[in-house]
Asker: 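This structure is in structure tokens; I'll ask about it shortly.
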Amino acid sequence: MHTNIKQELLSQEDSEEAIQRITSIAKNKDTSQNHLLIKLLETTDDHELRNQAAIALSELGDDRAVEPLIQAIMDPGTSGSRGTFLIALENLDYILHIEHIIPFIGDTSLEVCAQSFMLLERLKDRLSDEQILTCEQVIEHQIKHNERKLLVVALDMVQSWR
């Protein structure tokens with residue numbers, strides 16, 4: 001990939017070509033382009049490009065993508081892509097951001113609910129006592145405003161970890 005790929009992808013009129021390039025970056029494990037993918041994730045309004053960038057960063061295992069992914073998940077304008085962003089977190093070290101993920105266990109999207117729950121469940125043996133307490137408090141707060149069954153299940157699960 002040449003050095004002006006960032007400019008090309010960010011201003012790409014043919015999103016299919018840009019998606020192919022992003023796929024190629026991930027397939028070839030071209031970690032030299034991680035900064036480009038993060039910038040794309042943070043700046044593009046094209047949801048397909050943003051989703052592809054998120055998946056590529058996940059496949060490349062670049063933990064620098066965690067914070068931009070969390071920001072994207074929390075952005076109300078990306079609600080239709082949250083499932084993809086949560087899936088992208090699976091291969092990354094997101095433990096320090098779990099309190100931002102677990103509120104989505106109560107989301108109206110089944111994919112978002114299930115993925116958020118699974119990300120929490122994966123941390124069972126890694127969370128500190130303080131993080132477990134924070135998770136409990138966040139889930140309890142969510143339950144007050146949202147009585148989704150999965151939130152109650154998540155609370156029971158987290159409480160059993162103490």
Side-chain angles (χ1 to χ4, degrees), residues 1-124 126-127 131 135 138-139 141-142 145-146 148-151 153-154:
M1 296 273 162
H2 42 71
T3 56
N4 64 350
I5 189 172
K6 178 177 175 182
Q7 183 178 8
E8 285 181 29
L9 282 178
L10 292 176
S11 64
Q12 188 63 252
E13 289 184 30
D14 181 4
S15 63
E16 273 306 310
E17 184 180 333
I19 288 171
Q20 288 175 353
R21 286 184 176 202
I22 293 168
T23 302
S24 176
I25 291 169
K27 180 181 176 186
N28 295 325
K29 301 291 184 193
D30 185 0
T31 57
S32 70
Q33 300 301 318
N34 290 4
H35 64 285
L36 159 70
L37 296 172
I38 290 171
K39 185 72 171 171
L40 192 59
L41 177 68
E42 293 174 330
T43 60
T44 188
D45 291 328
D46 184 319
H47 71 277
E48 286 185 60
L49 286 176
R50 190 175 47 236
N51 288 352
Q52 287 299 319
I55 296 303
L57 286 162
S58 178
E59 290 176 12
L60 293 169
D62 189 346
D63 287 332
R64 292 176 296 171
V66 171
E67 287 190 33
L69 283 166
I70 294 296
Q71 291 303 313
I73 290 166
M74 294 171 42
D75 182 345
T78 64
S79 63
S81 295
R82 286 187 180 131
T84 302
F85 301 148
L86 289 162
I87 288 168
L89 286 172
E90 284 182 33
N91 297 324
L92 305 174
D93 187 11
Y94 58 88
I95 192 168
L96 296 177
H97 301 279
I98 191 61
E99 72 276 3
H100 299 295
I101 296 168
I102 56 177
F104 292 101
I105 294 172
D107 198 87
T108 57
S109 163
L110 180 58
E111 177 186 29
V112 171
C113 288
Q115 194 64 30
S116 300
F117 184 87
M118 188 270 315
L119 288 171
L120 173 62
E121 191 175 36
R122 283 183 168 199
L123 296 179
K124 176 184 179 182
R126 295 183 53 212
L127 291 173
Q131 287 173 308
C135 288
V138 169
I139 296 169
H141 177 75
Q142 289 297 311
H145 304 288
N146 182 345
R148 291 214 181 274
K149 175 91 171 135
L150 197 53
L151 283 167
V153 172

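The figures here come from the full heavy-atom set of this structure, side chains too, leaving out hydrogens, waters and symmetry mates.
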Asker: How long is the span from the CD atom in Gln33 to the OG atom in Ser24, to the nearest 0.5 Å?
Answerer: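 These two atoms lie 9.5 Å from each other.
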
Asker: Run Gln142 and Arg148 through side chain to side chain contact (heavy atoms under 4.5 Å, CB included) and show every step you take.
Answerer: CA-CA 9 Å; Gln142 289 297 311; Arg148 291 214 181 274; over 6 Å; no

Asker: Should Met74 and His100 count as side-chain neighbours, where that means a heavy-atom distance under 4.5 Å?
Answerer: yes

Asker: What pairs with Asp93 under salt bridge (charged side-chain N to carboxylate O under 4.0 Å, His left out), at least two apart in sequence or on another chain?
Answerer: Arg126

Asker: What pair of heavy atoms forms the shortest contact from Leu119 to Leu86, and how long is it?
Answerer: CD1-O, 3.5 Å

Asker: Atom NE2 in His97, atom CD in Gln71: separation rounded to 0.5 Å?
Answerer: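 Here the rounded value is 9.0 Å.
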
Asker: Taking the side chain as everything from C-beta on, heavy atoms only, tell me whether Arg122 gets closer than 4.5 Å to Tyr94.
Answerer: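 Yes, their side chains come closer than 4.5 Å.
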
Asker: Which atom names give the shortest non-hydrogen contact between Cys113 and Ile105, and what distance separates them?
Answerer: SG-O, 3.1 Å

Asker: Taking all atoms of both residues into account, what is the closest heavy-atom pair of Asn146 and Gly106, and its distance?
Answerer: ND2-O, 2.6 Å

Asker: Does one side chain, of Thr44 or Asp46, offer a donor that lies under 3.5 Å from an acceptor on the other?
Answerer: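 Side-chain D/A pair, Thr44 to Asp46: absent.
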
Asker: I would like to know whether Glu111 and Arg82 meet salt bridge (charged side-chain N to carboxylate O under 4.0 Å, His left out); could you show each step before the answer?
Answerer: CA-CA 9 Å; Glu111 177 186 29; Arg82 286 187 180 131; over 6 Å; no

Asker: Does a donor on one side chain and an acceptor on the other come within less than 3.5 Å for Glu99 and Gln131?
Answerer: no

Asker: Using the test side chain to side chain contact (heavy atoms under 4.5 Å, CB included), find all partners of Ala56 that sit at least two apart in sequence or belong to another chain.
Answerer: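 Here the qualifying residues are Ile22, Ala26, Leu37.
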
Asker: Less than 4.0 angstrom from a charged side-chain N to a carboxylate O is my criterion; do Lys27 and Glu59 meet it?
Answerer: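 Salt bridge: no.
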
Asker: Can you sort out the partners of His47 under ring-ring contact (aromatic ring centres under 6.0 Å, His included), two or more places apart, ordered by chain and number?
Answerer: none

Asker: Could you give the distance from CG (Leu120) to CD1 (Ile98), rounded to the nearest 0.5 Å?
Answerer: 5.0 Å

Asker: Can you tell me how far the CG atom of Asn51 sits from the CZ atom of Phe85, to the nearest 0.5 Å?
Answerer: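 That separation rounds to 5.0 Å.
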
Asker: So, do Cys135 and Leu127 sit near enough that their side-chain heavy atoms are less than 4.5 Å apart?
Answerer: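 Yes, their side chains come closer than 4.5 Å.
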
Asker: How far apart are the closest heavy atoms of Ala54 and Leu41, and which atoms are they?
Answerer: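 Scanning both residues completely, I find the closest heavy atoms to be CB-CD1, 4.1 Å.
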
Asker: Side chain to side chain contact (heavy atoms under 4.5 Å, CB included) between Asn91 and Leu60: does it pass, once the steps are laid out?
Answerer: CA-CA 9 Å; Asn91 297 324; Leu60 293 169; over 6 Å; no

Asker: Where is the tightest heavy-atom contact between Arg50 and Ser81, given as atom of each residue plus distance?
Answerer: NH2-OG, 4.1 Å

Asker: Can you tell me how far apart OG1 (Thr31) and CG (Leu57) are? Round to the nearest 0.5 Å.
Answerer: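 The OG1 atom of Thr31 sits 11.0 Å away from the CG atom of Leu57.
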
Asker: When rounded to the nearest 0.5 angstrom, what is the spacing between CG in Leu123 and CE in Met118?
Answerer: 9.5 Å

Asker: Flag the pair Lys39 / His35 as yes when at least one side-chain heavy-atom distance between them is below 4.5 Å, and no otherwise.
Answerer: no

Asker: Compare every heavy atom of Leu151 with every heavy atom of Ile102, then report the nearest pair and how far apart it is.
Answerer: O-CD2, 4.5 Å

